[in-house]
Amino acid sequence: MNLPGNKHKIVIIGAGFVGSQCAASLMTLGLVDEIVLLDVNAERARAQVMDLDDMASGIPQRIMVRTGDYDDCSDAEFVIIAAGRSRRPGQSRRDMLADTMVSLLPIAKNIRESGFSGVSISVTNPVDVVTECLYRQLELPRSQVFGTGTALDSARLRRLVSEYTGISRGQVQAFALGEHGESAFIWGSHIRLEGIPIPEYLSLGIQSDTSCLDLSYLTQRMRQRGTHIVAGKGRTEYGISTVVAGIVAAILHDEQIMMPLSVHLEGEYGESGISVSVPCIVGTGGAHTILEVQLTEEERAMLHASCEAIRGYAGKALDRL
């Protein structure tokens with residue numbers, strides 16, 4: 001839905017590093033007219049708003065940044081869920097489940113009771129479980145309730161392939177699928193360099209060291225990227241905020257782009273009742289089309305294993321909904 005005058009309003013729940021950086025990325029790209037920050041720590045939310053409002057002074061577009069409450073969700077076009085603490089060094093995203101569920105259920109209840117009818121984008125980890133919980137609670141079409149999933153993993157994968165081949169990132173087509181976490185896997189049969197399959201590119205003899213393009217090695221590097229960032233600075237924020245801004249832009253501009261997002265499956269790939277990252281088409285209305293693409297037998301097995309991993313650590317939490 002649009003606000004009167006075709007203005008775009010977004011509510012960000014969680015005014016920590018990720019939520020505030022999402023706001024900054026959206027402001028820099030001039031995507032929205034009004035940003036509302038909500039946080040259980042009201043003082044932090046006010047401070048972030050003051051800082052972002054100072055930033056707005058250097059942006060040509062007029063943008064209102066303010067604190068608010070859940071009533072603001074009623075006429076918002078987007079709600080971004082970025083609540084929760086950062087992952088600590090040595091922790092996996094799965095280790096955050098208990099803390100996340102405590103705060104997530106009242107958040108979902110408040111959003112639903114506000115009458116929100118826009119697009120909900122989950123960032124909070126473990127993102128696949130958060131997405132499924134919100135889908136079950138918000139009573140909205142699944143196209144409007146999804147998570148960033150492996151979109152960030154895919155960006156990291158493209159960076160790696162670009163680094164090892166010397167080809168611009170913009171010409172690398174590569175997706176990670178499955179869980180945003182320990183069981184994420186590479187859709188290896190469809191990695192392309194501006195349409196050229198990796199095996200064909202390697203056969204041209206341009207790349208002398210092919211060991212770095214081994215799928216096992218790439219998968220390991222991709223999965224460890226976030227862990228290394230958290231170990232070094234205590235959090236990740238810039239990469240994921242850019243992913244969120246890209247999703248919002250794709251919806252507002254009806255870009256019809258394909259990207260891997262965590263979505264509720266209803267029989268696709270033989271899976272149901274779980275949210276996991278698969279290729280989607282994103283445009284007006286959200287992730288409006290889930291693509292059941294061709295996977296190799298090995299890739300399909302990895303997707304099922306990823307779904308089972310999510311069920312294994314999240315089953316009891318989701319069963320209580």
Side-chain angles (χ1 to χ4, degrees), residues 10 22 26 31 77-82 93 117-136 138-158 170 172-181 183-192 222 239-296 299-300 302-304 306-307 310:
I10 190 163
C22 285
L26 292 164
L31 291 173
E77 218 166 340
F78 300 90
V79 167
I80 307 257
I81 314 296
R93 297 172 185 88
S117 61
V119 173
S120 166
I121 304 173
S122 304
V123 180
T124 299
N125 280 315
V127 69
D128 303 293
V129 181
V130 171
T131 299
E132 183 63 23
C133 176
L134 286 170
Y135 172 74
R136 298 186 188 191
L138 294 186
E139 301 174 359
L140 292 171
R142 61 176 175 164
S143 60
Q144 294 173 221
V145 185
F146 55 85
T148 50
T150 56
L152 179 57
D153 304 86
S154 298
R156 291 167 173 166
L157 173 60
R158 290 192 296 273
V172 176
Q173 295 93 44
F175 278 1
L177 303 176
E179 175 196 14
H180 175 52
S183 64
F185 68 95
I186 296 172
W187 189 18
S189 59
H190 283 71
I191 298 179
R192 300 285 189 274
M222 178 189 73
I240 189 60
S241 67
T242 302
V243 167
V244 169
I247 294 170
V248 171
I251 294 171
L252 290 178
H253 301 155
D254 194 24
E255 293 179 359
Q256 301 297 310
I257 62 173
M258 186 168 70
M259 62 193 309
L261 295 172
S262 183
V263 290
H264 172 80
L265 297 184
E266 297 176 348
E268 294 87 358
Y269 302 96
E271 294 288 348
S272 296
I274 195 79
S275 290
V276 70
S277 286
V278 295
C280 302
I281 298 178
V282 183
T284 298
H288 60 75
T289 303
I290 296 175
L291 300 174
E292 194 162 3
V293 297
Q294 183 177 359
L295 301 177
T296 66
E299 289 165 347
R300 187 169 286 271
M302 287 190 286
L303 180 60
H304 291 317
S306 211
C307 290
I310 296 169

Can you check whether [Y]'s main-chain N or O pairs, donor with acceptor, with [X]'s side chain at less than 3.5 Å?
{"X": "S189", "Y": "T296", "answer": "no"}
{"X": "T124", "Y": "I81", "answer": "yes"}
{"X": "Y269", "Y": "V293", "answer": "yes"}
{"X": "T289", "Y": "I281", "answer": "no"}
{"X": "E299", "Y": "G188", "answer": "yes"}
{"X": "S306", "Y": "M302", "answer": "no"}
{"X": "Q144", "Y": "R142", "answer": "no"}

Is any side-chain heavy atom of [X] closer than 4.5 Å to a side-chain heavy atom of [Y]?
{"X": "S275", "Y": "V130", "answer": "no"}
{"X": "V278", "Y": "E268", "answer": "no"}
{"X": "L265", "Y": "V263", "answer": "yes"}
{"X": "S277", "Y": "S262", "answer": "yes"}
{"X": "V248", "Y": "I121", "answer": "yes"}
{"X": "F185", "Y": "L303", "answer": "yes"}
{"X": "F146", "Y": "V119", "answer": "yes"}
{"X": "I290", "Y": "E266", "answer": "no"}

Supply the atom-to-atom distance [X] [atom1] to [Y] [atom2], rounded to the nearest 0.5 angstrom.
{"X": "E139", "Y": "L134", "atom1": "CD", "atom2": "CG", "value": "12.5 Å"}
{"X": "I191", "Y": "F175", "atom1": "CD1", "atom2": "CZ", "value": "11.5 Å"}
{"X": "S154", "Y": "M222", "atom1": "OG", "atom2": "CE", "value": "7.5 Å"}
{"X": "L295", "Y": "H190", "atom1": "CG", "atom2": "NE2", "value": "8.0 Å"}
{"X": "L261", "Y": "S143", "atom1": "CG", "atom2": "OG", "value": "12.0 Å"}
{"X": "H288", "Y": "D254", "atom1": "NE2", "atom2": "CG", "value": "6.5 Å"}

query: Looking at I247, T148, V123, which hits side chain to side chain contact (heavy atoms under 4.5 Å, CB included) with I80?
result: V123
What pair of heavy atoms forms the shortest contact from [X] to [Y], and how long is it?
{"X": "A176", "Y": "L157", "answer": "N-CD2, 4.3 Å"}
{"X": "G286", "Y": "I251", "answer": "CA-CD1, 3.8 Å"}
{"X": "V276", "Y": "C307", "answer": "CG1-SG, 3.8 Å"}
{"X": "L31", "Y": "A245", "answer": "CD1-O, 3.4 Å"}
{"X": "L177", "Y": "P260", "answer": "CD2-CB, 4.0 Å"}
{"X": "G118", "Y": "L140", "answer": "O-CD1, 3.9 Å"}

message: Does atom CD (Q294) have a neighbourhood of more than 12 heavy atoms from anything else shown, all under 6.0 Å?
response: no
- request: I would like to know whether E271 and H304 meet side chain to side chain donor-acceptor pair (under 3.5 Å); could you show each step before the answer?
  value: CA-CA 8 Å; E271 294 288 348; H304 291 317; 2.7 Å; yes
task: Run the numbers on H180 and D128 for side chain to side chain donor-acceptor pair (under 3.5 Å), then give the verdict.
output: CA-CA 7 Å; H180 175 52; D128 303 293; over 6 Å; no
